[in-house]
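This report refers to the structure that appears directly beneath it.
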Amino acid sequence: MQEVLKRVTSIADRLNVEFALIHKERKKANEVASMVLVGDVTDRVAILVDDMADTCGTICHAAEKLMEAGACKVYAILTHGIFSGPAISRINNACFEAVVVTNTIPQEQHMKECPKVQCIDVSMILAEAIRRTHNGESVSYLFSNVPM
């Protein structure tokens, strides 16, 4: 939790924005024991950021919590959209404006079934990162031109 808080604070500072954080505790895989919103989202656009979503129960619950706390819109940004089982149905029924994922997992069928799912192609940057790693070159250079 401490490491995540440091990372989120750093990003928020660089973007000159405020942030809220949802802290979750799991009983076991795919089962959240508790979820607490820390921060004020009233009348704000909320963006949930996560590395992956499988069945989407947690991220849909988080979106619902944000709306209940006064957020005016909720987006999700995920690195890996696995979307197994009830995931697409959950996203369709959730309050998301959009769920943006990368194409590390094929998303064509998911996008047909759910207009909220949008996909970003990361193939070129991933290929360049692999090339640079193989050649012992800096990968951080790939992200040095990202405005913050």
Side-chain angles (χ1 to χ4, degrees), residues 1-17 19-39 41 44-67 71 73-148:
M1 171 73 171
Q2 205 61 355
E3 186 60 36
V4 171
L5 187 56
K6 285 180 185 177
R7 218 172 339 161
V8 170
T9 302
S10 172
I11 292 168
D13 287 347
R14 291 172 71 184
L15 294 171
N16 196 28
V17 296
F19 72 93
L21 183 71
I22 293 181
H23 176 66
K24 70 180 178 199
E25 292 187 16
R26 292 190 182 275
K27 289 182 185 176
K28 56 185 179 181
N30 291 327
E31 191 174 323
V32 174
S34 67
M35 186 178 286
V36 178
L37 173 64
V38 179
V41 296
R44 306 235 174 126
V45 174
I47 302 171
L48 288 165
V49 179
D50 210 341
D51 59 345
M52 62 162 257
D54 186 0
T55 62
C56 294
T58 301
I59 201 154
C60 289
H61 184 183
E64 185 179 310
K65 253 203 179 324
L66 289 165
M67 291 301 285
K73 291 182 183 180
V74 178
Y75 293 85
I77 299 174
L78 311 166
T79 304
H80 310 289
I82 298 169
F83 302 149
S84 68
I88 294 299
S89 175
R90 286 176 172 169
I91 293 169
N92 276 325
N93 294 319
C95 58
F96 293 112
E97 295 290 318
V99 175
V100 181
V101 297
T102 68
N103 64 335
T104 59
I105 297 171
Q107 298 297 334
E108 291 78 15
Q109 188 60 39
H110 297 141
M111 291 188 306
K112 287 178 186 172
E113 297 170 5
C114 180
K116 294 178 184 180
V117 174
Q118 298 176 15
C119 189
I120 296 173
D121 183 359
V122 294
S123 58
M124 293 306 292
I125 196 157
L126 186 57
E128 180 62 11
I130 292 168
R131 187 196 71 73
R132 286 176 173 273
T133 301
H134 178 75
N135 292 327
E137 299 172 18
S138 172
V139 177
S140 62
Y141 171 80
L142 297 172
F143 308 101
S144 64
N145 294 322
V146 177
M148 287 280 186

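Atoms considered below: every heavy atom in the structure, side chains included; atoms not considered: hydrogens, waters and symmetry mates.
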Distance-only donor-acceptor pairs under 3.5 Å for side chains of residues 114-126, two or more places apart:
{"unit_1": "Lys116", "atom_1": "NZ", "unit_2": "Ile91", "atom_2": "O", "d": "3.2"}
{"unit_1": "Lys116", "atom_1": "NZ", "unit_2": "Asn92", "atom_2": "O", "d": "3.3"}
{"unit_1": "Lys116", "atom_1": "NZ", "unit_2": "Ala94", "atom_2": "O", "d": "2.4"}
{"unit_1": "Asp121", "atom_1": "OD1", "unit_2": "Asn103", "atom_2": "ND2", "d": "2.9"}
{"unit_1": "Asp121", "atom_1": "OD1", "unit_2": "Ser123", "atom_2": "N", "d": "2.8"}
{"unit_1": "Asp121", "atom_1": "OD1", "unit_2": "Ser123", "atom_2": "OG", "d": "2.7"}
{"unit_1": "Asp121", "atom_1": "OD2", "unit_2": "Ser123", "atom_2": "OG", "d": "3.4"}

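Separating the NZ atom in Lys65 from the CG atom in Leu48 is a distance of 12.5 Å, to the nearest 0.5 Å. The distance from the NZ atom of Lys112 to the CD1 atom of Ile88 is 13.0 Å, given to the nearest 0.5 Å. Distance check: Glu128 CD to Leu142 CG gives 5.5 Å after rounding to the nearest 0.5 Å. To the nearest 0.5 angstrom, His80 atom NE2 is 10.0 Å from Leu78 atom CG. In this structure, CE on Met35 lies 5.0 Å from NE2 on His61, to the nearest 0.5 angstrom.
Leu5 places a side-chain heavy atom less than 4.5 Å from the side chain of Phe19.
The ring-ring contact (aromatic ring centres under 6.0 Å, His included) check on Phe96 picks up nothing, with sequence neighbours excluded. Residues that satisfy the side chain to side chain donor-acceptor pair (under 3.5 Å) test with Ser84, not counting sequence neighbours, are Asp54. Taking the side-chain contact (heavy atoms from CB on, under 4.5 Å) definition, one finds that Ser34 meets it with Glu25, sequence neighbours left out. Checked against salt bridge (charged side-chain N to carboxylate O under 4.0 Å, His left out), Arg90 has no partners two or more places apart in sequence or in another chain. Residues meeting the salt bridge (charged side-chain N to carboxylate O under 4.0 Å, His left out) test with Glu97, sequence neighbours left out: none. Under the side chain to side chain donor-acceptor pair (under 3.5 Å) criterion, Thr102 pairs with Thr104, not counting sequence neighbours. Residues satisfying the side-chain contact (heavy atoms from CB on, under 4.5 Å) criterion with Asn135, sequence neighbours excluded, are Arg131, Glu137. Remark: Ala20 engages Leu37, Val41 in a side-chain contact (heavy atoms from CB on, under 4.5 Å) (not counting sequence neighbours). In this view, Glu64 satisfies the salt bridge (charged side-chain N to carboxylate O under 4.0 Å, His left out) rule with no residue, not counting sequence neighbours. Take Asp13 and apply the side-chain contact (heavy atoms from CB on, under 4.5 Å) test, not counting sequence neighbours, and it matches Thr9.
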* Derivation and outcome, side chain to side chain contact (heavy atoms under 4.5 Å, CB included), residues Tyr75 and Val45 -> CA-CA 8 Å; Tyr75 293 85; Val45 174; 3.7 Å; yes

* **Worked verdict on Leu66 versus Ile22 for side chain to side chain contact (heavy atoms under 4.5 Å, CB included)** => CA-CA 9 Å; Leu66 289 165; Ile22 293 181; 4.0 Å; yes

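Within the structure, the ring pair (Phe, Tyr, Trp, His ring centres under 6.0 Å) test picks out the following pairs touching residues 106-127 (sequence neighbours left out): Phe83-His110.
Closest approach of Met67 to Cys95, counting heavy atoms only: CG-SG, 3.3 Å.
Atom CG of Asn16 has 12 or fewer heavy atoms from other residues, nucleotides or ligands within 6.0 Å.
Not one N or O on the side chain of Glu113 forms a donor-acceptor pair closer than 3.5 Å with the backbone of Met111.
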